[in-house]
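Quick notes on the structure that follows.
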There are 2 protein chains.
Amino acid sequence: MNLAEVAKRAGVSMATVSRALNNPSIVKSHTRARVIKAVAELKYHPNLHARTLAGGRSRTIGMIVSNMENPFFLDIFRQLEADALAANFEVIVANTDYQPARLVSSIRLMIGRRVAGLAVVVSEMDPYLIDELTDSSIPVVFHDVGTARENITNIRVNYRNGIEKIVRYLHSLGHERMAFVGHHASLGPTSERQTSFSRAVVQCSPPVEFRSVTHADGFEGGRLATRELLATGFEPTAIVCVNDFMAVGVLRELREHGLRIPQDVAVTGFDNIKLSEFSSPPLTTVHIPRQQIGHIAFECLVPGRNSPRIPGREIVIDPEFVVRESTGPAKKK
Amino acid sequence: MNLAEVAKRAGVSMATVSRALNNPSIVKSHTRARVIKAVAELKYHPNLHARTLAGGRSRTIGMIVSNMENPFFLDIFRQLEADALAANFEVIVANTDYQPARLVSSIRLMIGRRVAGLAVVVSEMDPYLIDELTDSSIPVVFHDVGTARENITNIRVNYRNGIEKIVRYLHSLGHERMAFVGHHASLGPTSERQTSFSRAVVQCSPPVEFRSVTHADGFEGGRLATRELLATGFEPTAIVCVNDFMAVGVLRELREHGLRIPQDVAVTGFDNIKLSEFSSPPLTTVHIPRQQIGHIAFECLVPGRNSPRIPGREIVIDPEFVVRESTGPAKKK
DNA sequence: TTGAAAGCGCTACCAG
DNA sequence: CTGGTAGCGCTTTCAA
């Protein structure tokens, strides 16, 4: 089923069918009606590949994330998609599961699709890809990783700041034995949090004893990390988690060990995903404005007429500390 | 950057470049090497639209879900994607947010993309779409909604069975005031659970007093539904939720009202998403085998050589009851 | 083993 | 306002 058949059925030329479909206002309403009718009767669906190829442009935005399962990424996607839909774009997502090889193939795939813009919200990164993207001249937005370029905007979160707020707060509550639960210690954005943690903790006085442990991102990872941590004999009075997602697993394991939160152990998350309000107890965390990030991403990729394109920009976001019920004064010995 | 430029640079014809890329073994290794080199130097990325258009086939599978945020859908997607990747396909997802209009446009989009197969895992459905899909002759798998046809396979879950197990169990524990918390009462699969609930409850003896309440899918919806329920003055000893996702919101609101789970109120979920193990308390629920569903979907869409295509099939899945800690004996008055 | 050329289905330009 | 037609970038015969 193609344009030619529709044209024949409607008794007009292919060009007219094309116009009736893409720019209805410039076709006489009578003609348009015949076309619409033929389209419906034939259940015609334009071949989008042909359309994109012929038109040269694509109304598709690509997005690549590290872990769709983590609501953090999903929230950014949802906002980006909402904005895109409103502007008559669509978004296609790819998931890397934190695997650099999958990031490479996803990026290639997106370039191959000639997306109108690409949002890369991942933790892993290969500098060669930056070049490849620069050369492709596709508008790109990176979150956390990457380098600003002519066609590349960079969104960064001041993780250090967020972590420091957490550590200071815990320290002010008298915590002197802390642990950090993370994932993928070798990847930029997550290791940044871990490093910031160590740095902040070292500066405390009275001094704080601390330890770090790493597992996969997710509930299960949080649980296993905690299990491992407690098995070492270390008894933290506070556990700082790299994100809320893992923190929920941490809560679970602590409870399994008969530890109460926050009376026996304080726990903090990061990101402020919806679930952090619904966990038990609700998590003290750091808010990363995912909606705002999604918004910014879209604006960078598809600048509206009132928001001019600002190339090679770097945007820094300062996170906000949110106190809930998973933290309290350190337990007295 | 296109084939012609690569061909020129490599000093061969376009046809040869194409072959070197798609079917390397039939090109002399020396020639192939020159092509590979040219491709790399030029950072050439084949235009996938042109490729699909010329080739006539697409190695893309489409998937449409109602609510990406609900891990239930995500789990099916993950399995489908894993299988697809292994077979060198890719998957693109679309999200409808339970809006029939978005289902329509998503399906049109997928047909327009000429996907190799389409998995529709939604709750809403318009019978007209079935025809449209039948005519498109694209292999389709429906979950929960739809009708088996020549090119359409149907996966169904015996919700009634699952709900009955829950109600019987609760009743055997002495619960005589139950509530059902659902979402989208007008949509097939969710209303089926609600209807099954009413039906099961009515058959109980001693009789059970019951009520149903509906809100949006999600934590917040579960919370609001519960708030509304309690505001009526009804004091259920057990709340049966349409899914785990909402159940977590229910737990939270009950706790807010000073009610203990399961001592004061028993709560059950549905689906057995990962979170149900990590909530506090872990949820008694019904397991829907999402991995299996994802698997089946892929097999139906892209039948391997050892698994012949079985058209017009209807597959029924019987869910399994999972008891955890969110349920217990009814509170004595 | 390689090259030439005919489409794939559509858009967009140029005439009328 | 409508029709004719030249590509868009690639795959795939058919020949060599």
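Just the heavy atoms: all of them, side chains too, but no hydrogens, waters or symmetry mates, feed the values below. Chain letters run A, B, ... following the sequence lines, proteins first, then strands; residues in each count from 1.
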Between dC10(C), dC10(D), dT13(D), which one does the side chain of Asn2(B) approach most closely?
dC10(D)
For Met14(A) and dC8(C), give me the distance from atom CE to atom C1', rounded to whole Å.
11 Å
Where the side chain of Ala15(A) is defined as all heavy atoms beyond and including C-beta, which of dG3(C), dG4(D), dT11(D) is the nearest nucleotide?
dG4(D)
Do NZ/NE/NH1/NH2 and the carboxylate oxygens of Asp97(A) and Arg102(A) come within less than 4.0 Å?
yes
Along DNA chain C (nearest heavy atom to each residue), the more 5'-positioned of Val27(B) and Ala54(B):
Val27(B)
Nearest whole Å is fine: how far is dC1(D) C1' from Arg32(A) CZ?
12 Å
Ser18(B) side-chain N/O to dC10(D) phosphate OP1/OP2 under 4.0 Å
no
For dA4(C), take OP1 and OP2 only and decide whether either is under 4.0 Å from a side-chain N or O of Ser13(B).
no
Of dC1(D), dT11(D), dC10(C), the nucleotide closest to the side chain of Lys28(A) is dC1(D)
Ignoring hydrogens and angles, answer whether the base of dG3(D) and the side-chain atoms of Arg19(A) contain a donor-acceptor pair closer than 3.5 Å.
yes
Per nearest nucleotide of DNA chain D, the residue lying toward the 5' end, Gly11(A) or Leu3(B), is Gly11(A)
The side chain of Thr31(B) lies closest to which of these nucleotides: dG7(C), dG3(C), dT1(C)?
dT1(C)
Value in whole Å for how far the P atom of dT11(C) lies from CG of Leu53(A):
11 Å
In whole angstrom, what separates Ile111(A)'s CD1 from dC10(D)'s P?
14 Å
Atom NE2 of His49(A) to atom P of dC10(D): distance rounded to whole Å?
15 Å
Euclidean distance, atom CG of residue Asn22(A) to atom C1' of dC1(D) [Å, nearest integer]
16 Å
In whole Å, what is the span from the CE atom of Met1(B) to the P atom of dC10(D)?
10 Å
Students often get this wrong, so: under 4.0 angstrom with heavy atoms, is Gly56(B) touching a base, only sugar-phosphate, or nothing?
nothing
Salt-bridge contact Lys37(A)-Glu41(A) (side-chain N to carboxylate O under 4.0 Å):
yes
I'd like to know if the side chain of Thr190(B) and the backbone of His183(B) have a donor-acceptor N/O pair within less than 3.5 Å.
yes
Looking at Asn47(B), does any N or O in its side chain come under 4.0 Å of the phosphate oxygens OP1/OP2 on dC8(D)?
no
Pair Gln79(A)-Asp75(A), side-chain donor/acceptor within less than 3.5 Å:
no
For a quick check of understanding: with a heavy-atom distance under 4.0 Å over all strands, which category does Thr16(B) fall into, base, sugar-phosphate or nothing?
sugar-phosphate
Main-chain N/O of Met14(B) paired with Ser18(B) side-chain donor or acceptor, under 3.5 Å:
no
Whole angstrom is fine here: how far is it from CZ in Arg113(A) over to P in dC10(D)?
16 Å
Modelled atom types, side-chain donor and acceptor of Ser58(A) and Arg114(A), under 3.5 Å:
no
From the list dC10(D), dG3(D), dC10(C), which nucleotide is the closest neighbour of the side chain of Tyr44(A)?
dC10(C)
